[in-house]
Amino acid sequence: MNDKLISTQYKQKAYDLANFDLTGSQSISWESPSNIALIKYWGKHDDQLPQNPSLSFNLKNSKTITNIIYQKKEPDESSIRYFFEDQRNVPFEKRIKNYFEKIAVYLPFLKKLDFTIYSKNTFPHSAGIGSSASSFSALAHSLCSIERELFHTLPGQDEFYRKASFLARLGSGSASRSIPGKAVLWGKTERVTESSDEYAVPIDEQVHHLFKSYRDAVLIIDSGQKTSSSSKGHMLMENHSFAKARYLQANINLEKMLLALKTGGEKLFAEIVESEAMTLHALMLSSNPAIFLIKPNTLAVIEKLKEFRRKQCLNFAFTLDAGPNVHILYPNKIQAIMVNFIENELLPFCENGKWIDDEISNGPKQIFS
Ligand code: PMV
């Protein structure tokens with residue numbers, strides 16, 4: 001690939017993506033999982049570019065399923081209807097319209113199509129379990145499929161997923177990482193040659209098999225809507241007193257994480273994962289104004305987990321996204337012990353005893369009916 005920014009390349013190629021033949025309506029469906037960040041993305045610049053590289057595992061059961069029905073649009077007609085869990089959802093519809101406006105520079109055919117979009121999640125949305133990641137990823141993969149159908153472009157897998165990641169990023173930064181691969185890196189680092197700030201890349205080849213069968217128990221401490229959006233959090237990083245130190249730390253942690261992933265170093269893995277989660281919330285708490293998302297039960301669960309780990313000498317790690325819910329990342333071989341502990345000791349701290357028994361997966365999939 002040449003050195004030109006991929007956004008510039010996509011803009012130049014967009015001239016060929018305006019005129020097409022299409023009779024009747026067509027349908028396309030994708031399912032995309034949420035991802036859980038091991039190295040957190042918190043702070044951005046320009047058009048959704050990250051201040052530091054981030055790294056995540058794709059989940060399996062926490063996913064968005066999106067079906068898009070599209071046809072040629074009559075000029076001047078309204079062009080997007082968005083249904084979330086079978087109900088027309090006007091706030092989401094507005095967000096999608098703005099998103100389509102924004103990415104039309106790369107996909108001009110969007111302006112000539114009429115869309116009915118049906119989307120559903122297998123987990124609570126807006127509760128900090130990466131629902132914007134899974135939704136924008138499912139949407140971006142669907143749009144790339146539509147491009148491929150209409151123009152016979154994006155023939156190679158790498159090309160297809162690079163563009164899907166690029167487009168997903170413009171909806172929600174973390175969505176760029178919900179692309180095929182178990183472990184995915186977004187953000188330029190000299191440690192991974194093909195890495196980029198504009199899109200994410202899978203790094204499975206650099207991950208020890210032990211981590212590839214890791215599971216993620218997501219304890220739902222509170223499924224209520226977040227009191228502060230992650231966009232606001234990213235914005236507050238612009239004048240944050242600790243911003244510079246954080247971006248430096250993230251790069252150092254990434255280096256250690258890559259080593260842990262490669263060598264199967266579970267202790268180092270847990271140390272970094274947990275430090276990243278605590279740092280994320282410490283940055284939120286020290287923002288001005290402060291963002292306060294953890295709940296008393298979040299801390300109670302963490303205390304319990306630490307005590308259990310000390311007594312049982314087990315390898316597992318806890319982490320938090322931008323919300324109160326606790327993710328426990330653990331190796332497959334201790335599943336029975338962990339499930340037993342969760343069900344007997346941790347469920348009283350969860351909202352209505354709710355938790356998601358999830359695992360690491362290979363990422364999004366097209367659904368063929
Ligand atoms: O993708 P956004 O803009 O919703 O940011 C989410 C950032 C975190 O989920 C808190 C961390 C991450 O890297 O996923």
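All values below come from the heavy atoms of this structure, side chains included, with hydrogens, waters and symmetry mates left out. Residues take their numbers from the sequence shown, with the count starting at 1. Just so you know, ligand 1 is whichever comes first in the structure, and atom 1 is the first atom listed for that ligand.
- Looking at Trp42 next to ligand 1, no N or O pair under 3.5 Å apart turns up.
- Taking the six-membered ring where the residue is Trp, the centroids of Tyr118 and Phe84 are separated by 6.0 Å or more.
- Looking at ligand 1, you won't find any N or O of Lys40 less than 3.5 Å from one of its N or O atoms.
- Taking the centre and axis of the six-membered ring of Phe115, the NZ or CZ atom of Arg81 falls outside the cone set by 45° and 6.0 Å.
- Each of the following atoms of ligand 1 lies closer than 4.0 Å to a heavy atom of His234: 2 (P), 3 (O), 5 (O).
- Checking Asn35 against Ser178 by side-chain atom types alone, a donor-acceptor pair falls below 3.5 Å.
- Of all atoms in ligand 1, listed by their number and element, those nearer than 4.0 Å to a heavy atom of Ala322 are 10 (C).
- Residue contacts with ligand 1 do not include Ala133, since none of its heavy atoms lies under 4.0 Å from the ligand.
- The cationic atom of Lys304 (NZ for Lys, CZ for Arg) does not lie both less than 6.0 Å from the six-membered ring centre of Phe341 and within 45° of the ring axis.
- Proximity of the aromatic rings of Phe211 and Phe269 is defined here by a centroid distance below 6.0 angstrom, and this criterion is met.
- Stacking of Lys182 on the aromatic ring of Phe57 is not recorded, the 6.0 Å distance cut-off and the 45° axial limit not both being met.
- Checked by distance only, ligand 1 and Asp321 come closer than 3.5 Å through their nitrogen or oxygen atoms.
- Put simply, NE2 on His327 and OG on Ser62 are 7.5 Å apart, with the number rounded to the nearest 0.5 Å.
- Proximity to Ser230 (heavy-atom distance under 4.0 Å) selects the following atoms of ligand 1: 2 (P), 3 (O), 4 (O), 5 (O).
- Here is the list of ligand 1 atoms found below 4.0 Å of a heavy atom in Ser172: 1 (O), 2 (P), 4 (O).
- Of all atoms in ligand 1, listed by their number and element, those nearer than 4.0 Å to a heavy atom of Ser132 are 4 (O).
- Of all atoms in ligand 1, listed by their number and element, those nearer than 4.0 Å to a heavy atom of Ala37 are 12 (C), 13 (O), 14 (O).
- Under the 4.0 angstrom criterion for non-hydrogen atoms, Arg177 is in contact with ligand 1.
- Close placement of the Tyr41 and His234 rings is indicated, their centers lying within 6.0 Å of each other.
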